[in-house]
There are 2 protein chains.
Amino acid sequence: MVSIVSVAKVAGVSNKTVSRVINGEPYVTEETRERVEKAIRDLGYVPNMAARQIRSSRSNTFGIITDYVSTTPYSVDIVRGIQDWANANGKTILMANTGGVSEREAEIWKTFQSHRIDGVLYVTMYHRIVDPETGNVGIPTVMINCRPQTNELFPSIEPDDYQGAQDLTRYLLEKGHRRIGYIRLNPILLGAEMRLDAFRQTTWEFGVSESDLSIRLGMEGPVGAEKNYVFEAATELLQQKDRPTAIMSGNDEMAIQIYIAALTLGLRIPQDLSIVGFDDFRTVSMALKPELTTAALPYYDLGFEGAKWLNGLLSDAMIRPSSRVVPCKLVERASVCRTQ
Amino acid sequence: MVSIVSVAKVAGVSNKTVSRVINGEPYVTEETRERVEKAIRDLGYVPNMAARQIRSSRSNTFGIITDYVSTTPYSVDIVRGIQDWANANGKTILMANTGGVSEREAEIWKTFQSHRIDGVLYVTMYHRIVDPETGNVGIPTVMINCRPQTNELFPSIEPDDYQGAQDLTRYLLEKGHRRIGYIRLNPILLGAEMRLDAFRQTTWEFGVSESDLSIRLGMEGPVGAEKNYVFEAATELLQQKDRPTAIMSGNDEMAIQIYIAALTLGLRIPQDLSIVGFDDFRTVSMALKPELTTAALPYYDLGFEGAKWLNGLLSDAMIRPSSRVVPCKLVERASVCRTQ
DNA sequence: TTGTAGGCGTTATCAG
DNA sequence: CTGATAACGCCTACAA
């Protein structure tokens, strides 16, 4: 492999001068610089990061730990956000996936140490509380889309499920809806409770009576193998004497079944039934007809901001655990209309 | 940072002996080994990959280049497959995303060189023909879910869209369906033509007359901003005098709209209309009611096998470009019934 | 403005 | 079985 020495030889300078050129340091004649650059091009020289790192003990690398990539593919946007930030700031990304196995997690932290990773982004694919098995390696870490349970060591950045559900509920209320159905997310998801709380609180603030609210459980059980009651729940809801004029769905995916239930009963969307989702999982929300009004989970921003934050922690060294929240933007499409 | 030297000092041996223990080399007394291992534990020593690499000029790292992660989230399973193989074989994964920008791609290859990556997995998120901007860096590469156009340099591994569509078509035919609708995938996707060909060929082999086939375009235009005709096409198809008894959908996502169109027209699935999808994008195929019969794109296997293959190439050094294909397994659910 | 000497943490070589 | 010493490619410190 061609190294700095061969370049130096070809350019007829010392290796230190080559190093200067590579790193854009001052005090190099324009003429020397050009000669070196030519040699670099001619030889196809590319600096060796490993060697560089060994001297400077900074790897300029971030590690990403994810859990279940496959069951919830949407949240890969978090990773995209991280990558974009990393790319724009000259960082490299090392990726590892636990698959939910905690021994595996410990190994990963070891591997990260081995690579002298500067910092770790601990990413979960759905919003939840976790207990990372760091093995106490002391690498600065930011948690994304999750929050530490027992240990308060790490800062975290999460979507604002509460505000998102609040905005959606208000949106429905402002469109005149009062009899509203709610089909709940799997309770093991952190968002489930926050969204429901927001729904309850907001309808209460608007003076909607409890009896106008029909709240049903849509799913439960372990992620990836959950029991699914959405279709039945929606069907039952819509067969009530005073059926709701709108249904709020735990998420977009569940909204598919609500559409199907409504259409099967001969109801038109949105004229007879308004529906809102949550997540803005576009493969679904834009495939539904009419397209689904929903609240967008800020996955990309979570990743981008998380990476930025982590980088800040590295220089500041004041890694106070704290929690940040990113808003969920309401995406207005065509699945809601004003009550007639 | 604690290095091999400190370990050696504590264990009262030379650094080379420590190295031997770490790498599981023979010719170390059991007793010495234990003393060294104790020192490693006590000091919390973790080997420095960068230093190791600098000596052995093998990074044990694979790079993954992806294109548009976000628009097609399902195919992240490819990445999971790669990670699982890498994990089981002690390789590290460096990840980068082009976002479809080719200058970015060139940079990525440079970065990979910088890290002395052993090999590259070039992954696209949908099945297509590509023209990688390698900058001719000569890193062994396997292309996954895509195929090189102009240059024949790299081996590739792809899903067998033809066989998948063939199986689905046969399945419908064996259930007695003869009047069959087909809603086509975006033609810029490589799978579009292969799937349609299989459909045409297989129906022909079964002696189905052309006039019983209704083929419509479902989508077109650039990925991420395509025009969507699925709902209208399905509606039109189902309003024909002799409407099809089954519709084959370009993919699962498009099947959502076919469901909605059918239900809106008062048709029951599958009694009045059978539907099959393609991809087995489970967030959709299992959310639809009745659940969707489809052909599973073997994303995980593509990744896993691709990584394995790449590794083989590294030792064999006979990187003959060739193309491999992985079958798409038919997943039978509840959206098809026998014609009455 | 440029060059020299030394060392980062490993592993390879070869001698003991 | 074990150890001393050199070398990998780069950067820091210092000297010229």
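So you know, we letter chains A, B, ... as the sequences are listed, proteins then strands, and number each from 1. Since the model is a prediction, treat every value here as computed from it, not as a measurement.
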Requested in this report: Kindly indicate whether the side chain of B/Arg55 and the base of C/dG9 share any N or O donor-acceptor pair separated by less than 3.5 Å?
Outcome: no
Report task. Would you state whether a donor and an acceptor, one from the side chain of B/Arg116 and one from the base of D/dG9, lie under 3.5 Å apart? Result -> no
Just checking [X]: base, sugar-phosphate only, or nothing, at a heavy-atom cut-off of under 4.0 Å?
X: A/Val5; result: nothing
X: A/Pro47; result: sugar-phosphate
X: B/Val46; result: sugar-phosphate
X: B/Ser3; result: sugar-phosphate

Look at [X] and [N] and indicate whether a side-chain polar atom (N or O) is within less than 4.0 Å of OP1 or OP2.
X: B/Asn23; N: C/dT11; value: yes
X: A/Thr32; N: C/dT1; value: no
X: A/Tyr27; N: D/dA16; value: no
X: A/Thr29; N: C/dT1; value: no
X: B/Ser19; N: C/dT10; value: no
X: B/Arg52; N: C/dT11; value: yes

Taking only Lys NZ, Arg NE, NH1 and NH2, and the carboxylate oxygens of Asp or Glu, determine whether [X] and [Y] approach each other closer than 4.0 Å.
X: A/Glu31; Y: A/Arg35; value: yes
X: A/Arg104; Y: A/Glu107; value: yes
X: A/Glu158; Y: A/Arg147; value: yes

**Report entry** Gap between atom OG1 of B/Thr98 and atom CH2 of B/Trp109 - 0.5 Å precision
**Finding:** 11.5 Å
Report summary line: CD1 (A/Ile78) and OG1 (A/Thr66) are apart, to the nearest 0.5 Å, by 9.5 Å
Starting at [atom1] of [X] and ending at [atom2] of [N], how long is that distance when rounded to a whole Å?
X: A/Leu43; N: D/dG9; atom1: CG; atom2: C1'; answer: 15 Å
X: A/Gln53; N: C/dC8; atom1: CD; atom2: C1'; answer: 11 Å
X: B/Glu25; N: D/dG3; atom1: CD; atom2: P; answer: 14 Å
X: A/Ile40; N: D/dC10; atom1: CD1; atom2: C1'; answer: 13 Å
X: B/Asn15; N: C/dA12; atom1: CG; atom2: P; answer: 13 Å
X: B/Ile54; N: C/dT11; atom1: CD1; atom2: C1'; answer: 11 Å
X: A/Lys16; N: D/dA13; atom1: NZ; atom2: C1'; answer: 9 Å
X: A/Arg20; N: D/dT12; atom1: CZ; atom2: P; answer: 11 Å

Which of these nucleotides, [options], is closest to any side-chain atom of [X]?
X: A/Ser14; options: D/dA4, D/dG9, C/dT4; value: C/dT4
X: A/Val13; options: D/dT2, D/dC10, C/dG3; value: C/dG3
X: B/Asn48; options: D/dG9, C/dG9, C/dG3; value: C/dG9

Query - Considering all heavy atoms, the nearest A/Ile4-A/Tyr45 contact - result: N-CE1, 3.6 Å
Query raised in the report: Quick one: on DNA chain D, does B/Thr17 or A/Ile4 contact a more 5' nucleotide (nearest heavy atom)?
Result: B/Thr17
